Amino acid sequence: MKVLLLKDPKCGDLASDPYVKELSKHGVQATLIPVLSFTFVSLEDFFNKLSHPENYDGLIFTSPRAVEAIKLCLEKPNNKEVWEKCLKDKWNSKPVYVVGKATAALVAEIGLLSEGEESGNAEKLADHICSKGTVASTPILFPCGSLKREVLPKRLKEKNVPLETITVYQTTQHPDIQATLTHYFTKEGIPASVVFFSPSGVKYCLKFVQQLASDQFKKIKFAAIGPTTAEAMIAEGVCVSCTAENPTPEHLAQGLKEIG
């Protein structure tokens, strides 16, 4: 069975991506096509805020890219030194909230302890934060992308949890997406399933998949990595055959097996 994964690789090598590897265990021929391009912005301002943990009640990371922004900040020797000497420990005295195992793993790489990874999406993470019932006088710092959804900020505002957002990366369409998709459909034909991994992926890729699949489009089974992505697909009129219970390779493999 051929499956098309519309996502960015966890590392430079597409074949070693954990989703590709897990699906291959189940006899699935998965092809990964990067759909997004990221540009980091405001990193100096961001590290300035990270340098004053006393001004915040914690940190929120809802994407790996937001953690990568910190890693880029730490490439400067002076920043790295002050992070290791004192900033890391000060942030570890506060809650660091994350969505998903991939983000949690990156947060661990910069020396921070995290919670909430099992929440799976921003909405459930917001519920987790609110359930703690703490009354904070200082905001939680939320580094995010230019296309962030308002679910988490809205939910926290409703519960009077102060939040300070800073955009640390811009999300755009990958410059090669149309050519790469055209090559795939020409060489491999129509896949049994197509998996979307983000609302942005739906926004940038769906039109090309529709054009290339043409009258075969309705034969494709579409899957979503989570409920937020599924909502974006449904909004575009796509029939979602399965949504992974959690955003992990294992849960996606299970979902595809059930519809396969």
Side-chain angles (χ1 to χ4, degrees), residues 1-11 14-36 62-65 99-103 117-125 147 149 151 171 173-174 177-178 180-185 187-260:
M1 181 172 77
K2 293 180 181 178
V3 173
L4 181 58
L5 307 177
L6 298 175
K7 69 181 289 290
D8 294 283
K10 295 294 182 190
C11 56
L14 303 187
S16 64
D17 182 87
Y19 285 88
V20 174
K21 290 170 74 175
E22 178 64 28
L23 290 173
S24 70
K25 294 178 188 175
H26 298 267
V28 175
Q29 184 184 334
T31 301
L32 187 153
I33 292 181
V35 299
L36 304 174
T62 58
S63 76
R65 248 71 53 190
V99 169
K101 290 185 177 182
T103 304
E117 70 175 78
E118 299 300 333
S119 52
N121 61 57
E123 188 173 6
K124 289 180 181 177
L125 181 64
L147 298 180
R149 296 176 76 245
V151 172
T171 306
Q173 176 179 309
H174 194 287
I177 184 61
Q178 185 173 7
T180 309
L181 281 170
T182 300
H183 180 264
Y184 174 85
F185 276 84
K187 183 183 176 187
E188 302 291 344
I190 306 297
S193 296
V194 172
V195 185
F196 284 99
F197 283 75
S198 69
S200 302
V202 177
K203 176 183 176 182
Y204 296 132
C205 291
L206 181 59
K207 58 181 180 289
F208 297 131
V209 174
Q210 288 171 326
Q211 290 167 9
L212 291 163
S214 189
D215 58 355
Q216 301 290 304
F217 181 78
K218 290 187 177 179
K219 291 184 179 180
I220 300 171
K221 291 180 179 178
F222 288 91
I225 195 60
T228 303
T229 302
E231 286 172 17
M233 294 163 70
I234 292 166
E236 293 294 334
V238 175
C239 177
V240 180
S241 296
C242 87
T243 302
E245 187 178 339
N246 285 300
T248 67
E250 295 76 17
H251 284 99
L252 178 62
Q254 181 61 36
L256 290 174
K257 185 179 179 182
E258 289 172 3
I259 66 170

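Residue numbers start at 1 and run along the sequence shown. In this text, all values refer to a predicted model and were calculated from it rather than measured experimentally.
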So do [Y] and [X] actually touch side chain to side chain, heavy atoms under 4.5 Å?
{"X": "Leu4", "Y": "Tyr184", "result": "yes"}
{"X": "Leu206", "Y": "Phe196", "result": "yes"}
{"X": "Leu32", "Y": "Lys7", "result": "yes"}
{"X": "Val209", "Y": "Phe185", "result": "yes"}
{"X": "Val3", "Y": "Pro191", "result": "no"}
{"X": "Ile177", "Y": "Phe208", "result": "yes"}

Value rounded to 0.5 Å, distance of [atom1] in [X] from [atom2] in [Y]:
{"X": "Gln210", "Y": "Lys218", "atom1": "CD", "atom2": "NZ", "result": "11.0 Å"}
{"X": "Leu181", "Y": "His174", "atom1": "CG", "atom2": "NE2", "result": "11.0 Å"}
{"X": "Thr182", "Y": "Leu212", "atom1": "OG1", "atom2": "CG", "result": "4.5 Å"}
{"X": "Leu5", "Y": "Ile33", "atom1": "CG", "atom2": "CD1", "result": "9.0 Å"}

Just distance, no hydrogens or angles: give the donor-acceptor pairs under 3.5 Å from side chains in residues 222-247, sequence neighbours left out.
unit_1: Thr229; atom_1: OG1; unit_2: Ser198; atom_2: N; d: 3.4
unit_1: Glu231; atom_1: OE1; unit_2: Arg149; atom_2: NH2; d: 3.3

Is it true that atom [atom1] of [X] has more than 12 heavy atoms of other residues, nucleotides or ligands lying nearer than 6.0 Å?
{"X": "His26", "atom1": "NE2", "value": "yes"}
{"X": "Lys2", "atom1": "NZ", "value": "yes"}
{"X": "Lys207", "atom1": "NZ", "value": "yes"}

Any idea which heavy atoms bring [X] and [Y] closest together, and the distance?
{"X": "Ser200", "Y": "Thr171", "result": "OG-CG2, 4.3 Å"}
{"X": "Glu22", "Y": "Ala253", "result": "CG-CB, 4.1 Å"}
{"X": "Ser16", "Y": "Lys21", "result": "O-CD, 3.3 Å"}
{"X": "Asp17", "Y": "Asp8", "result": "OD1-O, 4.2 Å"}

Task: Between Gln254 and Glu258, a side-chain donor and acceptor under 3.5 Å - done: yes
